[in-house]
Amino acid sequence: MDWADELAASVSGPQVVNDSKTPSGTVHVGSLRGPVILDVIARALRANGIETTYLYGVDDMDPMDAQALLSADAVEREMGRPLAHIPDQGDDGHPSYARHHAQVFIDTFAGLGINPDRYYLMSEIYASGQVDPYIRVALDRASQVREIYRRVANVQHPDEWHPLQVVCENCGRIGTTIVTGWDGERVFYECRPSLVAWARGCGHSGWISPFGGNAKLPWNLEWAAQWGLLGVTIEPCGKDLSTAGGSRERSDAISREVFEREPPRNVPYEFLNIGGRKMSTSKGRGAAAHEIAEVVPAEQLRFLFVRPKPNSAIEFDPDGTDAIPRLFDEFDKFAAAAAGKEVRGELPPNPERVFAYSLLSPAADVRAEAAAFRAAFSHVALLVQVPGVDVPARIEAEKGSPLTEREREILAERTTAAMRWLEAYAADRAKIAVQRDDLPREVAALGEDQRLYLGALALRAESERPSTGEAWQALLFSVAADATMPPGRSFAAIYIAFLGRPNGPRAGWLLASLEPQFVLRRLREAAGWRPSEAELAAVQEASSS
RNA sequence: GGGCCGGUAGCUCAACGGUAGAGCAGCUGACUCUUAAUCAGCUGGUUGAGAGUUCGAAUCUCUCCCGGCUCACCA
C-alpha cells in the first residue's frame with residue numbers, strides 16, 4: 001500500500017490538513033515537496049471516503065528579514081516590517097509584497113495540480129480578532145511559555161519577555177519589538193534598535209492593546225494557535241522543523257500545555273537533494289531549482305515526490321546524468337502498470353495509486369491517462385536534434401495509429417522538456433553533433449565491408465541524387481541489400497562517418513538534412529577514397545557559391 | 001553537540017525475519033526501412049565494519065565507520 005493510503009487508513013473522522021508558508025521569496029523545487037505530500041494526503045483521505053478540508057496559510061505577518069528581496073531604496077525603510085504591510089516590489093498591481101508572493105505560490109501550486117480548499121492570510125485572521133483568545137492565553141501564561149522554550153529547546157528568554165510581537169505604532173516594524181509587560185488589557189512594548197541584526201528598531205515604547213491585528217504571536221505559538229483555530233488534524237513539515245528541540249516540538253508542547261489541545265499528526269518529510277547536496281543555485285550548471293521545474297513537467301515532478309516515502313531523502317542529480325530521462329521512464333512504467341500492461345522490472349504493490357497521485361487532476365480518468373501513448377523521453381530527445389524531422393509524425397508511426405488529442409499534448413510537453421534538457425543538463429553523449437570539420441577518428445575502426453558500403457553509397461547517391469529523408473532511407477537499404485550486408489553494420493558505418501558514434505537518429509533523414517556536397521565528400525573520405533584535385537575544387541566552388 | 005535519512009551489482013533503487021532482486025549501463029546474439037528502438041541471453045554483490053538475538057539476519061538489538069541534510073537566533 002502506498003504511504004498516503006496507509007496514512008488515510010489509520011485515521012477516522014473528518015480531517016483538516018494544513019500547511020503554511022511565509023511569502024517572502026521564490027518557491028524552490030525542494031519546497032514543493034511539502035505541498036505535494038499534503039495534496040496527496042488530502043486525495044488519499046478523500047479516496048477513503050474521509051471528509052477532508054485542505055487549508056493553506058500565508059504567514060504574511062512575518063517580518064521581512066531578507067535584504068536581497070527588496071529594492072535598494074526600500075531596505076532601510078522596510079526591513080523588519082510585516083510582509084503584508086510592505087508595498088509590492090514589482091509593478092504588477094498587488095496590494096502588498098506578501099500578496100505578490102502569495103500569488104506566486106498559489107499559481108505554482110495550481111500548476112502542480114495542488115488546489116487547497118481555502119487559502120488564508122494571517123494578516124486577515126489577526127485583524128478579524130480570531131486570534132485574540134489565543135493571544136490572551138499566551139500572555140496570561142507567559143512564564144509557562146518561557147519554561148517550555150527552556151525545557152524543549154534550551155532557549156533562554158529573559159523573565160520580562162512575553163510571547164508576542166507588536167507592530168510598532170511609530171515605525172511599523174514587527175521584527176524589532178519586544179513585549180515586557182501585560183496588564184490584562186494592554187501590553188508594554190519597546191521597539192529596540194538592536195534587538196535583531198537584520199533590522200533597526202526606532203526606539204519607540206509604550207502601552208498598546210495586543211488585539212485585533214496590533215500584534216502577532218511568535219512563530220511557535222502562532223503555529224499552535226492556527227491548529228486550534230482551524231481544527232487542524234494533520235500537518236506535515238520538513239525535517240528542518242521536525243528536528244529534536246526544533247520548531248515542531250516547541251509548537252507541539254505549546255499546543256498541549258498552553259492551549260490545551262492535542263497537536264495534529266505530523267508527517268515529517270526529508271528534502272530533495274540535488275547532486276548529493278542541498279539545493280543551491282550556485283552549484284553546478286543547471287542545478288538551480290527553478291530550472292529543474294522548467295525541464296520536468298508537473299506530473300513527473302509530482303511523481304518524483306510521490307513515489308518515495310516522505311521520510312526518505314530524494315537524491316536527484318540531473319546534471320550530465322540520465323536522471324531526468326530515467327524519471328520519465330519510471331513514470332511511463334508506472335503508467336503502463338496502471339493500464340494493466342505487462343511491465344518489466346520491479347514495482348511497488350500498488351503502482352496505479354502512485355500513478356494516480358502523480359496526475360495533475362484528482363478527477364482524471366486514471367485508466368484512460370494510463371493507457372495514453374507516451375513516447376520514450378530519450379527517443380524524443382534524439383528526434384528533436386535532427387533538423388527537419390516531423391516529431392509528431394515519427395511518434396505516430398511508432399504508435400501505429402493516430403495520436404489522440406491528449407497524446408499530442410503529452411508529446412508536445414515532452415518535446416519541450418527534451419529540448420530544455422539537452423540545453424541545460426544532458427551529457428555530451430546524449431547530444432547528436434555532425435562532425436563537420438574533420439573525419440571522426442572512429443572511422444579508422446570501420447571494417448573493409450563498411451568502407452565499400454560507404455563508397456558504393458556515394459556512387460549511387462551521386463547518380464540518384466536523393467533529396468528527401470525517405471529517398472535516402474530507401475537508398476541506404478538498397479545499397480546494403482546489394483552488398484548483402486546486414487543493416488546493423490551499414491547503419492553503424494553511416495553513423496560513425498558523420499557522428500563518430502555507432503548509432504544515431506534515422507540515418508536517411510539525417511543525411512537529407514545536410515548539404516549534398518558535404519554528404520558525398522564525407523562518404524568518400526570515410527570510405528578511404530582520396531578526393532581528386534578536380535573534385536576538391538568542385539566541392540569548394542559549390543560550398544562558396 | 002542533538003536530530004533525521006542513507007551506505008545492497010558500475011549507476012538508480014527493491015526486498016523489512018525465510019534461497020539477495022529489478023531497471024539502466026556493460027558484454028553476446030537476433031533483427032532487409034532504423035539501431036539510444038525491439039527481442040533473447042550473459043556477466044556482475046562477504047548487503048559499510050564488528051558483535052549480539054534467532055533454526056535462520058540485508059532485515060531486529062548494540063557499538064563503531066562513512067556520506068548527506070538539519071537544528072541549536074528568527075520564522
Side-chain angles (χ1 to χ4, degrees), chain A residues 20-22 24 30 59 61-66 80 83 152-157 165 174-175 195-199 216-223 238-251 268-273 275-279 307-317 321-323 325-327 329-330 333 343-349 375-383 385 394 397-398 429-432 469-470 472-492 494-495 501-510:
Chain A
S20 62
K21 189 168 171 56
T22 305
S24 53
D59 295 332
M61 281 299 280
D62 292 354
M64 166 57 82
D65 64 357
L83 295 165
V152 177
N154 200 26
V155 173
Q156 302 279 348
H157 283 301
Q165 291 182 287
I174 194 169
L195 186 72
V196 291
W198 39 269
K216 79 180 279 288
L217 291 165
W219 165 241
N220 292 290
L221 289 97
E222 182 171 294
W223 205 2
K239 66 112 150 274
D240 52 337
L241 304 176
S242 292
T243 191
S247 234
R248 183 59 175 245
E249 208 173 302
R250 287 178 236 176
S251 293
Y269 56 87
E270 273 276 348
F271 288 170
L272 171 73
N273 297 324
R277 313 200 139 264
K278 88 164 180 180
M279 297 201 321
R307 188 181 37 161
K309 294 184 187 96
N311 70 344
S312 68
I314 300 173
E315 300 292 340
F316 192 65
D317 184 7
T321 72
D322 59 352
R326 211 167 49 219
L327 180 65
D329 290 351
E330 282 285 297
K333 185 166 92 175
V343 169
R344 301 178 62 173
E346 289 165 344
L347 286 167
F377 181 84
S378 50
H379 191 196
V380 175
L382 186 67
L383 291 175
Q385 295 181 77
R394 271 297 301 143
E398 192 180 307
R429 68 188 143 78
K431 295 177 188 168
I432 301 298
E470 281 176 35
W472 267 109
Q473 194 74 359
L475 184 61
L476 294 179
F477 274 94
S478 159
V479 175
D482 291 349
T484 60
M485 193 174 186
R489 277 187 75 71
S490 64
F491 278 100
I494 301 278
Y495 294 127
R501 47 191 289 163
N503 49 40
R506 302 186 91 199
W509 280 261
L510 177 67

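Residue numbers start from 1 in every chain, and the chains themselves are labelled A, B, ... in the order their sequence lines are given, proteins ahead of strands. Note that these values count all heavy atoms, side chains included, but never hydrogens, waters or copies made by symmetry.
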Under the side chain to side chain contact (heavy atoms under 4.5 Å, CB included) test, which residues partner A:A507, sequence neighbours left out?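 Applying side chain to side chain contact (heavy atoms under 4.5 Å, CB included) to A:A507 gives A:L476, A:F491, A:I494, A:Y495.
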Would the base of B:rG2 count as contacting A:T243 through its side chain, where contact means a donor and an acceptor less than 3.5 Å apart?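 It does, because a donor-acceptor pair links the side chain of A:T243 to the base of B:rG2 below 3.5 Å.
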Give the rounded distance in Å between these two atoms: [atom1] of [X] and [atom2] of [N].
| X | N | atom1 | atom2 | answer |
| --- | --- | --- | --- | --- |
| A:F491 | B:rU38 | CZ | P | 17 Å |
| A:K309 | B:rC13 | NZ | P | 13 Å |
| A:L327 | B:rC24 | CG | P | 16 Å |
| A:E330 | B:rU12 | CD | C1' | 8 Å |
| A:K239 | B:rU70 | NZ | C1' | 5 Å |

Any idea which of B:rU32, B:rU35, B:rC5 is nearest the A:Y495 side chain?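 The closest nucleotide is B:rU35.
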If you check every side-chain atom of A:R326, which of B:rU12, B:rG3, B:rC5 has the closest atom?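 From the listed options, B:rU12 comes nearest.
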Ignoring hydrogens, what is the shortest heavy-atom contact between A:W219 and A:S20? Give both atom names and the distance.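 Answer, listing the atom of A:W219 first, then A:S20: CH2-OG, 4.1 Å.
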Please measure how far the [atom1] atom in [N] lies from the corresponding atom in [M], and state the result in whole Å.
| N | M | atom1 | value |
| --- | --- | --- | --- |
| B:rU54 | B:rA49 | P | 23 Å |
| B:rC69 | B:rG26 | P | 31 Å |
| B:rG23 | B:rA40 | P | 10 Å |
| B:rC62 | B:rA25 | P | 41 Å |
| B:rG3 | B:rG18 | P | 30 Å |
| B:rA37 | B:rU59 | P | 37 Å |
| B:rG67 | B:rU8 | C1' | 16 Å |
| B:rG29 | B:rG10 | P | 24 Å |

Please tabulate, one pair per line, each protein N/O and nucleotide N/O from nucleotides 73-75 of chain B that are separated by under 3.5 Å, including the distance.
from: B:rA75; atom 1: OP1; to: A:Q165; atom 2: OE1; distance (Å): 3.4
from: B:rA75; atom 1: OP1; to: A:W219; atom 2: N; distance (Å): 3.0
from: B:rA75; atom 1: O3'; to: A:D62; atom 2: OD1; distance (Å): 3.3
from: B:rA75; atom 1: O3'; to: A:D62; atom 2: OD2; distance (Å): 3.1
from: B:rA75; atom 1: O2'; to: A:T22; atom 2: OG1; distance (Å): 3.2
from: B:rA75; atom 1: O2'; to: A:D62; atom 2: OD2; distance (Å): 3.0

For a quick check of understanding: with a heavy-atom distance under 4.0 Å over all strands, which category does A:A507 fall into, base, sugar-phosphate or nothing?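 Base contact.
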So what does the secondary structure string of RNA chain B come out as, 5' to 3', with Watson-Crick or wobble pairs under 3.5 angstrom, [ ] for crossing and | for pairs with another strand? (((((((..((((....[..)))).(((((.......))))).....(((((..]....))))))))))))....
